[in-house]
Number of protein chains: 2
Amino acid sequence: MYRIGELAALYDIKADTLRFYEKHGLLSPSSRSDSGYRLYNQDDSERLKFILRAKAVGFSLNDIADLLSIEVDKSNRACAEVKGLVDTKLEQVEAKLAELQHFATSLKSLSNTCCGGPDSAEHCSILEALESSDQHIIAKKEQHHFSHSGHKD
Amino acid sequence: MYRIGELAALYDIKADTLRFYEKHGLLSPSSRSDSGYRLYNQDDSERLKFILRAKAVGFSLNDIADLLSIEVDKSNRACAEVKGLVDTKLEQVEAKLAELQHFATSLKSLSNTCCGGPDSAEHCSILEALESSDQHIIAKKEQHHFSHSGHKD
DNA sequence: ATAAACCTTGGAGTTTAATCCAAGGTCAAG
DNA sequence: CTTGACCTTGGATTAAACTCCAAGGTTTAT
């Protein structure tokens, strides 16, 4: 069992952030001490880890709440419904993955071809390195237009 | 040449957002009309595409400014210095990639093993699916701690 | 030549995600 | 039984990234 300050220290965040997540329904301590102190267990800690990871890869707290709701509603919702939510998120994740892979490739080639020596800048720019680009998350309307992919409210 | 509204429409953003990016040094139109209207060319459009992609995978506008500065300073900076910046960003991108791959794998397994039928929830939770987790972006202090790039301006 | 649809600027307002503060309660150590 | 580090609540403040507004200039089309 961790008290709020301990759990916060463990993940290098502020206790206030944990209270904030609680207020917004992302993570509540599994219990309280007699005097009302928040007490977090190992599952709570795992849940927090998930939240922080999801945040780190660009999901908003709302997105994360969606993902976590899959757990919360486990027993209530039809499995097909859950699958829908998961698959939607999966699409988002895979789009991000494709972008990131592209980024990584470009950064690597930039690092290798252009910056080997002390002064041999041939095409020292990410924009140039990315010029051979193909795929987008971004809906460039003229090229390809599919219906407004689910913006959240 | 695009006027601000045209370019904004092309990427499904607001003209205001383009003015905002300009004010913050991310993207300035390459020219102005006689009457002062912003005029964006194809390079500007590419630059905007880059900004939006980088944002979509979780980079802050400050991060993006860093990346773009590689181009701007092309002729000024020593190549080794540029390489340092690129390699730092590359590390960030690869950390994000690792996280996302983990995410994608978990979401896939969740989608497959748990939600095939209308009602057969076996372990219908992302947290459970992620339980076999290994890697983190998150600095869990006991394990590994690397400084996070705290930029502000 | 006048409306409609664009653009300009500066500044104010909004949303998201924290982060800080004040007034007070709790707990272990001396 | 007090000191200091921790915790509680609610509310205010901050920072980033937009988003909107007002007052006016420009363009195009009738």
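Residue numbering restarts at 1 for every chain, and letters A, B, ... go by the order of the sequence lines. None of the values given here were measured: they were computed from a predicted structure.
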Below 4.0 Å: OP1/OP2 of C:dA17 and any side-chain N or O of A:Thr17 = no

Which part of the nucleic acid, if any, lies within reach of B:Arg19 when heavy atoms closer than 4.0 Å are counted: base, sugar-phosphate only, or nothing?
-> base

A:Gln42-A:Tyr2 side chain donor-acceptor pair, cut-off 3.5 Å = yes

How many Å lie between CD1 on A:Ile13 and C1' on C:dT19, as a whole number?
-> 12 Å

When you match B:Ala15 and A:Phe20 each to their closest nucleotide on DNA chain C, which lands nearer the 5' end?
-> B:Ala15

B:Ile4 side chain: which of C:dA17, D:dT19, C:dT8 is closest?
-> C:dT8

Could you tell me the separation between the NZ atom of A:Lys55 and the P atom of D:dA16, rounded to a whole number of Å?
-> 14 Å

Between A:Asp44 and A:Arg47, does at least one N-O distance fall below 4.0 Å, as a salt bridge requires?
-> no

B:Arg3 has an atom CZ; how far is it from atom C1' of D:dT27, in whole Å?
-> 7 Å

d(NZ, A:Lys23; P, C:dC20) in whole Å = 15 Å

Looking at D:dA16, C:dT19, D:dT9, which one has an atom nearest to any side-chain atom of A:Asp16?
-> C:dT19

Looking at A:Phe59, is A:Lys89 sitting on its ring face, NZ or CZ under 6.0 Å from the six-membered ring centre and within 45 degrees of the normal?
-> no

Please state how far atom CG in A:Leu18 lies from atom P in C:dC20, giving the value in whole angstrom units.
-> 14 Å

Verify the contact: side-chain N or O of A:Lys14 to OP1 or OP2 of C:dC20, cut-off strictly under 4.0 Å; return yes or no.
-> yes

Starting from P on D:dT19, measure out to CG on B:Leu61 and report it in whole angstrom.
-> 12 Å

Would B:Ser45 and B:Tyr11 count as having a side-chain donor-acceptor pair, cut-off 3.5 Å?
-> yes

Backbone N or O of A:Ala98 within a donor-acceptor pair of the A:His102 side chain at under 3.5 Å?
-> no

According to a strict under-4.0 Å criterion, is A:Tyr21 in side-chain N/O contact with OP1 or OP2 of C:dA18?
-> yes

Check the pair B:Lys96 / B:Glu99 against salt bridge (charged side-chain N to carboxylate O under 4.0 Å, His left out), numbers first and verdict last.
-> CA-CA 5 Å; B:Lys96 276 174 198 281; B:Glu99 290 296 329; over 6 Å; no

With a 4.0 Å heavy-atom cut-off, tell me which residues in residues 33-41 of chain A come close to DNA chain D, sorted by residue number.
-> A:Gly36, A:Tyr37, A:Arg38

In whole Å, what is the span from the CG atom of A:Leu52 to the P atom of C:dA17?
-> 13 Å

Roughly, in whole Å, what's the span from OH in B:Tyr2 to P in C:dC6?
-> 18 Å

Heavy-atom donor-acceptor pair, B:Lys14 side chain to B:Ala8 backbone, under 3.5 Å | no

